[in-house]
Amino acid sequence: MTTSIDYEKLAQQVLQNVITTKAVSSTPTATYAHGPNGLFSSPGLSQPVFSAMILPRLGLQELLPVRPSRDMNPLFGIMTGVTATTGSEPTGVCDDPPVAGLMKLCTYSFVYGRQSRMSKVFDLDRIGQVTNRGEFLDLQLQGTPWQGGNVNVPGAALSGAINPLNSEVGKSMFEMAVGWSRDFAKEVYTGNPANNTAGGGRKYFYGLDTLINTGYRDAETGVACPAADSIVRSFGSLDVSSNGAAIVRAIAGVYRNLKYIAVNAGLDPVTWILTMPTALFYELTEIYPCAYQTYRCQNVFSTSQTQVIDSQALIKMRDDMRGDIFERKGQYLLIDGAKVPVALDDAVAETVLAGESFTSSIYFVPLTALSGTPVTYWEYRNYDEPNGAMEAAKTFAPDGQYYTSDSGRFMWHKKPPTNFCVQLLAKTEPRMVLLTPHLAARITNIKYTPLAHQRSPFTDSSFYADGGHSGAAVGGPSYYSPTA
């Protein structure tokens, strides 16, 4: 029997029971760009405003493909092997031979995170004001902190931030985009669902520190799956500057083992990328060419024998591996004769030690296997999918209160206004997928001591710098009233 559904009646019933969406606060919290006490309202402010802001350069995240998925609990499999043959060898020609073993499967899954940010509260009456004719609306931002791509920043925020100095909307979108770019950057490595909030308002996907790890177990039975484990090695906090042979050998050993698994599991060719902080890569390439060319020779030649080193060739090798380090193009390490690409990533954690030394990690991330099949990528909830969130919003929410951007990856909400006070927020649900953890690796606790560490884009770092003020440098106009 077919049952017809009265969707209009259903919507009315749901609306009668739904909790009213929290309205905008009646107290504006925004610092405005222009008008009295505006950030850029100083009389006679010159037209060019030069950028000194640094935002994270996210080498790995920019390289990974992005695809939508509506599966909340996908189940992936790794065929880990076949059990041992059982039984005895036959004595006679008519006796039964041993029985072949059974194939084994390890299943695993990935969870979505939940990230959201919102604007300050704006008073619509306040937008568009200028103090007087001494305030200019033709300011030009010279330079931009948006270097490279970041798929985790809403495109709607970036496009709205094109003119952040002369528009209240542009300034707010710029601030929103900065929050998205900076606040979630490190989670590609450190994300852990154990840190989810109790009510589910904030969720974390599995980052690479969890995915590239040992201790894999079957998602359904909990049985250990050592064949799926990644390679994780500690460098013991040794400084690369005085342990060149050791770090070259460690990197080559990990890469050789990954190649061995890839070839013998029938997954080759695999494309890997190494990710590490810029400072670590720079210090590593300082000593890498000399160590790479000579580290095995130390065990062959006696102390009485002379080794001849071509310094010019070593410098060329160093410079070639660094590529265009400032534009972050063309970096690689030479490993067993192979040029393995390197992604310089500001999101890789660095531990600050005494004497401005640091420890960090090198990640070996498989991008593709079998001549181009993606094995590490992003997935996201598509709010535009059929029968999905936006279709429901059209029925259950007032017109125009919700919309999406970036092919359905971000959902935006215009909070119910309180008279003329308005506010905007957005959310997304991403996750990272690594299908071949057995082709991934980490070398941890690598120490390095740069001459001077570069500035950090993260506000919680001791190497972060900003300054100045977020509102008007002085109070707004306080003119006398026209009568006493």
Side-chain angles (χ1 to χ4, degrees), residues 30-34 38-40 42 45-64 115-120 137-189 275-279 281-282 323-329 331 343-350 405-406 409-410 424 426 428 430 452-471 473:
T31 298
Y32 297 90
H34 290 278
L39 181 61
F40 304 113
S42 298
L45 182 63
S46 296
Q47 188 179 59
V49 177
F50 288 86
S51 171
M53 182 178 184
I54 295 173
L55 286 176
R57 301 285 297 274
L58 309 177
L60 178 62
Q61 299 183 46
E62 298 169 10
L63 297 172
L64 300 181
Q115 303 169 344
S116 56
R117 286 293 180 268
M118 65 182 180
S119 70
K120 301 288 188 181
L137 297 176
D138 61 350
L139 303 176
Q140 295 180 359
L141 182 61
Q142 305 295 313
T144 174
W146 307 107
Q147 304 295 327
N150 187 341
V151 296
N152 292 321
V153 177
L158 286 175
S159 60
I162 291 176
N163 190 16
L165 308 186
N166 303 315
S167 161
E168 304 297 350
V169 173
K171 177 177 178 291
S172 179
M173 289 294 99
F174 185 92
E175 293 163 346
M176 285 271 284
V178 168
W180 281 98
S181 174
R182 194 165 55 194
D183 296 348
F184 307 120
K186 297 179 182 179
E187 291 173 22
V188 67
Y189 297 98
T275 71
M276 66 186 82
T278 301
F281 178 73
Y282 194 89
D324 188 341
I325 196 168
F326 297 107
E327 292 295 330
R328 304 196 178 195
K329 297 177 181 177
Q331 288 75 50
L344 306 180
D345 200 322
D346 295 337
V348 179
E350 294 179 296
S405 68
D406 304 86
R409 185 171 186 179
F410 294 89
L424 182 67
T428 186
H453 197 280
Q454 75 274 5
R455 280 174 52 189
S456 172
F458 298 106
T459 57
D460 59 354
S461 169
S462 58
F463 297 95
Y464 177 79
D466 55 9
H469 51 90
S470 58

Going through the distances and angles, do L39 and K171 end up as a side chain to side chain contact (heavy atoms under 4.5 Å, CB included)?
CA-CA 10 Å; L39 181 61; K171 177 177 178 291; 3.9 Å; yes
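- Using modelled atom types, one side-chain atom of Q61 and one backbone atom of A185 make a donor-acceptor pair closer than 3.5 Å.
- Residues F174 and M53 meet the side-chain proximity criterion, which asks for heavy atoms closer than 4.5 Å.
- Between H34 and F40, the two ring planes are tilted [angle within 30° to 60°].
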Name the atoms and distances for all side-chain donor-acceptor pairs under 3.5 Å in residues 154-166, with sequence neighbours left out.
unit_1	atom_1	unit_2	atom_2	d
S159	OG	G155	O	3.1
S159	OG	A156	O	3.1
N163	OD1	N166	ND2	3.2
N166	OD1	L139	N	3.1
N166	ND2	L137	O	3.4
N166	ND2	L139	O	2.8

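- Side-chain contact check for N152 versus E187: every heavy-atom pair is 4.5 Å or farther apart.
- Taken to the nearest 0.5 Å, the OG atom of S461 stands 7.0 Å off from the NE2 atom of H453.
- For the pair D460/K186, a side-chain contact is recorded, criterion being any heavy-atom separation below 4.5 Å from C-beta on.
- Between R182 and T459, some side-chain heavy-atom pair lies under the 4.5 Å cut-off.
- Looking only at side-chain heavy atoms (C-beta outward), I54 and Q454 stay at 4.5 Å or farther from each other.
- Across W146 and S181, no two heavy atoms sit closer than the pair CZ3-CB, 3.8 Å.
- The minimum heavy-atom distance between A347 and D345, with the atom names listed, is N-OD1, 2.9 Å.
- Contacts of F281 classified as ring-ring contact (aromatic ring centres under 6.0 Å, His included), with partners at least two apart in sequence or in another chain: none.
- Between S116 and W180, the shortest heavy-atom distance links the atoms CA-CH2, 3.9 Å.
- The shortest non-hydrogen separation linking E62 to L58 is CG-O, 3.0 Å.
- Taking both residues in full, the closest heavy atoms of D346 and R57 are given as OD2-N, 2.8 Å, listed atom of the first, atom of the second, then distance.
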Test log, rule side chain to side chain contact (heavy atoms under 4.5 Å, CB included), inputs S51 and T144
CA-CA 6 Å; S51 171; T144 174; over 6 Å; no
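- The side-chain hydrogen bond (donor to acceptor under 3.5 Å, both in side chains) search around D138 returns Q47, not counting sequence neighbours.
- The side-chain contact (heavy atoms from CB on, under 4.5 Å) search around D183 returns R117, not counting sequence neighbours.
- Looking at Y189 and V348, their side chains come closer than 4.5 Å, going by heavy atoms from C-beta outward.
- With sequence neighbours excluded, no residue satisfies salt bridge (Lys or Arg N to Asp or Glu O under 4.0 Å) with R409.
- By the side-chain hydrogen bond (donor to acceptor under 3.5 Å, both in side chains) test, E168 is found to be paired with no residue, residues two or more places apart in sequence or in another chain being considered.
- Shown here for M173 and L424, the closest heavy-atom pair between the two residues is CE-CD2, 3.7 Å.
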